[in-house]
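One structure is given below, encoded as structure tokens.
Each chain gets a letter, A, B and so on, in the order the sequences are listed, and its residues count up from 1. Here the structure is a predicted model, which is why all the values come from computation and not from measurement.
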Amino acid sequence: MTPPRVSRFVEAVDPRAPGSPRASTELELDVDREGSVTDARVTRSAGDALLDDAAVAAAKQLVFEPARRAGVPVAARIRFEYVFERPAAAPEPPPPPSPVVEGPPPPPPEPSASPAPPEQDPHAFGAAARVDPPAREVTKRRLESTEMASIAGTHGDPLRAVELMPGVSRPQAGGGLPILRGANPFDSQVFLDGAPVPILYHVGGLTSFVHSRVLDTVDVYPSNFSVRYGRKVGGVIEARVRDPKTDGLHGVAEASLLDVSLLAETPIGDKVAVLAAARRSIIDAVLGAAANSADLAITAAPVYWDYQSIVTVKPTDADRLRLLSYGSSDRLALVLSNPNDVEPSVRGAFDALGTFHRVQAGWRHRWTSGSEQNTEVTYGHGEERGAFGAIGKFAFTTNTVQGRSEWVGVVGPVLRVIGGVDTLATHVSGSYEGVPPDLGEGDPGRSLAATKRVAVGASQWILMPGAYFELGIRPVPSLLLAPGLRADYNDFIDEGALDPRLSLRFDATEQTALKAGIGRYSQSPEERHVIAPIGNPDLRMTHALHASGGVEHKVTPALSVSVEGFVKKLEGVVTGTPDGTAPFYVNAQEGRIFGGELLVRMRPEGRFFGFLSYTLQRSERRTQGEAWRLFDRDQPHLVNATGVYRLGRGWEIGASLRYTSGTPYTPVTSATFDATTDTYSPRLGRAMSLRNPAFSRFDVRLQKTWTFSRWSLAMYLDVQNVLNAPNREGFDYSYDYRERVGQRGLPVLPILGLRGEL
Amino acid sequence: MKALRVAVALGAFVHVAACEDPPGRAWLVDRTRVLDARVSAASDPIRASIVPGEAMRVSWLVVAPGRVPSMSWAAFVCAAPPGRAAAPRCEGPIALPASGTASDGTGEIVMDLLAPSAAVIANAEELLVIAAFCETGPVTLDPARFDATCAANVPGPASEGTREPLLASVRVRLESTGRNANPTVAEEAVAFDGAPIALPTPRPAGAPCVAGPAAPFARAGSAHAFGFRFRGSEREPGETLLLTHAVTAGELDRARSSLEVEDAVPKEVVIPWSAPADVPEGGLLVEAFFVVRDGRGGSAFARRTVCVGR
């Protein structure tokens with residue numbers, strides 16, 4: 001007899017104030033042969049009718065893999081326990097309860113699938129593990145709010161924590177998108193609740209564009225992502241915001257040396273809840289007028305701001321309407337009064353401004369059968385302006401409309417059907433004038449002054465409709481097959497793609513699962529490489545084949561180990577023509593990436609959480625007719641370790657260690673003098689034939705929280721690169737390339753912050 | 001240095017890793033190097049744009065911390081290779097190669113060349129002159145690779161001269177893409193501590209000196225300033241002039257200044273300079289070089305001297 005297993009978990013809302021004691025409600029659930037809960041009864045009260053009601057309401061929305069006898073689905077009656085915890089010191093969203101599952105009647109009951117936690121440690125992380133259905137993807141790594149806010153070296157930034165996951169290489173200093181399993185960062189996409197976002201980090205990469213307390217989860221799909229995602233051949237990061245709390249007014253005010261922020265949320269009546277958050281940098285105040293001199297005038301020091309607002313309406317238990325809006329802006333302006341000694345194009349006024357806004361309206365409906373319809377429409381507006389002295393200038397306005405509607409149908413215990421449409425329409429207008437756009441990979445060193453300028457203007461719509469379909473088939477209870485197909489079209493290059501994908505998961509035991517997947521992925525060339533007269537209108541899509549497989553094992557409900565191997569092959573990658581001759585860009589490059597990852601992870605339970613990971617990989621590129629060379633962000637060894645421990649009395653300490661191989665670079669062998677521009681043109685040796693020294697960083701974080709009856713106050717010190725490792729990022733060359741010195745990476749950087757929470 | 005501190009502070013905030021002084025000092029002539037190439041039509045020295053098949057003169061300025069050694073040179077003229085970022089080289093049809101030797105010690109090497117014909121130039125937008133200079137003996141220049149070797153046939157030990165060739169190129173504007181004139185540097189354009197410096201008599205840098213109008217005095221280790229006066233008449237409408245300055249000793253504040261399109265003229269550029277602290281008893285002649293470029297192939301250069309004493 002196989003007991004029912006939760007395939008979709010629904011949190012019960014804890015209506016009590018933070019700091020309320022732990023409580024639990026025990027229920028008896030009737031689960032039919034299709035896995036739906038047909039009835040729920042309280043068998044042991046939590047002592048609070050509101051808690052019991054919340055547990056019953058949530059339990060009726062649970063969906064199970066049905067119980068089976070000899071492989072045949074049968075109805076079952078099980079015992080299920082919702083645990084409510086509202087620790088005051090860490091007022092995260094209400095922790096999900098632990099289900100306790102018994103076998104169907106008649107007795108004897110089946111053993112518990114996830115026993116209730118022992119008596120709660122008052123200083124422990126207050127969440128039991130979230131129960132998620134099996135991932136549709138071979139590799140899905142989830143960071144939850146409890147983890148994201150506490151990891152050392154991220155100063156509480158949720159998306160910075162992503163860089164500590166296995167398979168995520170270190171981006172170049174100054175930010176940039178994470179490198180997922182050796183892919184070009186431009187080949188990966190970050191989504192916020194299903195909508196692609198244009199940036200991940202504010203200027204300089206110190207912090208991401210969204211308030212950490214707004215996010216619920218961040219999922220990383222380093223390869224073999226499902227058909228839900230398309231238009232990229234690298235990987236996907238999806239951040240999801242949480243719903244506003246419904247148990248009263250809450251707020252968070254935070255200030256650090258980088259920025260100040262405010263978050264407030266409250267329910268309005270029984271069915272409506274709202275949340276609003278805003279943040280602004282204070283770097284300009286820190287730098288102040290002292291930063292200006294006769295040679296360099298910072299006319300606008302780095303300024304960033306962002307905001308998020310969420311309104312949820314739940315007219316019925318099965319429906320949720322949500323209006324999500326968010327935006328971000330970054331600006332930096334300075335004036336160099338004299339030309340740079342090495343590159344004379346670097347002179348004059350530098351002013352960069354990037355702003356975007358998004359408004360997303362969403363409706364989700366859940367049927368009692370477990371089926372679900374989720375529809376989101378997102379409108380976006382963005383402004384980008386930049387003037388870079390004698391190098392170039394641009395001004396672009398973008399308007400986007402993105403629509404996604406996904407239906408998840410539970411046809412029966414052996415079949416789940418997912419279908420969706422995912423359409424993106426973008427209107428771009430603006431102009432660019434300056435040096436030609438680079439490729440973002442393998443660009444040879446060049447003199448900007450000696451590079452011919454280009455100019456382009458554009459005003460047009462780009463339509464990219466997409467649709468996908470996936471089945472979740474369980475021919476036997478322990479095996480999940482997920483074949484899928486995604487179709488995409490891009491009217492700018494008049495090309496479509498059909499990408500079949502398949503993943504499978506086999507639960508060898510209750511604790512051990514084997515998984516594998518293979519799929520095709522397609523990506524359109526960037527508009528700047530296509531648009532005439534600066535690009536090649538005949539560019540085609542890049543395609544990739546991803547294959548991966550692995551095993552994951554749960555040592556305990558909180559401790560897991562996984563080992564995975566992966567391969568990516570790319571074809572038709574866009575590369576530049578030699579010397580920048582027409583047609584300037586061609587689909588002439590191949591790529592191959594392969595490697596393996598080990599992850600040991602302790603989820604937040606008790607006083608500790610953390611993970612240890614190691615990645616061994618290789619990423620290579622080859623242009624037609626040439627030998628394979630290293631991809632310019634190849635990092636063969638990635639070692640990450642992080643841990644957070646609650647000492648008690650409100651003290652929390654964390655540490656993160658990161659070690660990665662240095663990135664390859666192309667050596668400069670000599671240089672010739674260009675008398676027209678007064679610059680030297682470097683001559684390069686074998687492409688990517690040398691490597692920078694390894695990167696290492698040790699970060700620590702110490703936090704003290706004082707808890708009062710209605711609110712709490714936390715002070716934290718987050719110190720990046722405690723050991724002040726030099727971490728060479730590249731070289732600064734002398735004007736004639738005869739001498740060079742290493743560019744030093746980020747020095748020790750302490751960030752002191754104060755956070756009050758209501 | 002304040003600018004550097006600011007850059008460091010800013011760099012820390014934006015993760016831009018550039019926290020150390022870049023190596024090499026472009027404003028210091030501490031080795032033999034090419035500083036400029038002035039192209040002019042043989043029939044009109046002011047004109048920097050050339051007609052296919054026309055005779056032209058390329059005047060190279062080679063500088064050194066002392067007397068400029070005798071230099072052998074070789075050059076080729078060709079249609080510039082196509083592409084937005086083409087490395088300088090002469091592929092395909094190549095016009096007449098040229099070679100010679102300059103030994104007057106001034107470093108001003110003049111090449112009289114003939115521009116390729118229109119048939120050779122075809123659709124090229126500009127010409128390219130590539131040149132190699134050797135201290136030790138005859139130079140062999142490979143135009144397709146723009147690489148050269150220096151023969152070691154000078155008398156004496158090899159250490160008296162480097163066998164590494166100096167490689168330099170200059171693009172030549174064609175008349176068909178628009179006429180261009182070379183900028184000019186007026187005699188009184190360069191000043192020292194506010195007073196114009198007279199044209200110097202040819203003497204190698206590093207030699208003993210006696211202060212005078214052509215070599216104003218500077219006490220060792222003292223702070224001074226060179227000045228450069230843009231009159232405005234040296235540029236054509238819409239041009240930005242880039243001024244490169246370098247000295248054979250001491251410490252110059254920077255290597256470049258500019259006259260932007262929007263700058264009002266006349267414009268006085270001030271370049272702080274610290275005299276070297278250690279000078280021989282007989283004084284030290286310091287040479288200062290000023291090169292003006294218009295970004296369209298036109299250039300002019302000037303040289304002045306300062307006498308540093310104890």
Select one option (side chain, backbone, both, neither) describing which atoms of [X] are under 4.5 Å from chain A's heavy atoms.
X      : answer
B:D147 : both
B:L243 : neither
B:S299 : neither
B:E262 : neither
B:R293 : side chain
B:R33  : side chain
B:R145 : backbone

With a 4.5 angstrom heavy-atom cut-off, which part of [X] approaches chain B: side chain, backbone, both or neither?
X      : result
A:I534 : both
A:N340 : backbone
A:Y680 : side chain
A:V454 : side chain
A:R453 : neither

Next on the checklist: Quiz question: by atom type and distance under 3.5 Å, do the side chains of A:S734 and A:D736 form a donor-acceptor pair?
Outcome noted: yes
Checklist entry - Regarding B:S40 and B:N182, is there a side-chain donor-to-acceptor distance under 3.5 Å anywhere? => result no
Checklist entry - Any idea which of A:T577, A:T677, A:T672 has the most non-hydrogen atom pairs under 4.5 angstrom with chain B? => result A:T672
Checklist outcome for this item: chain B shares the most heavy-atom pairs under 4.5 Å, among A:V435, A:D341, A:T581, A:D674, with A:D341
Is any side-chain heavy atom of [X] closer than 4.5 Å to a side-chain heavy atom of [Y]?
X      : Y      : answer
A:R347 : B:E260 : yes
A:I751 : A:L749 : yes
B:E108 : B:W60  : no
B:V58  : B:L113 : yes
B:P143 : B:R89  : no

Checklist entry - Is a donor on one side and an acceptor on the other found under 3.5 Å between the side chain of A:Y735 and the backbone of A:R738? => result no
Checklist entry - Going by the angle between their ring planes, with limits at 30° and 60°, are B:F226 and B:W273 parallel, tilted or perpendicular? => result tilted
Checklist entry - Counting only heavy atoms not in A:K393, do more than 12 fall under 6.0 Å of its NZ? => result no
Checklist outcome for this item: Answer key: most heavy-atom pairs under 4.5 Å with chain A among B:G295, B:G297, B:S258 is B:S258
Checklist entry - In terms of heavy-atom pairs under 4.5 Å, which option from B:A168, B:S169, B:A131, B:P88 contacts chain A the most? => result B:S169
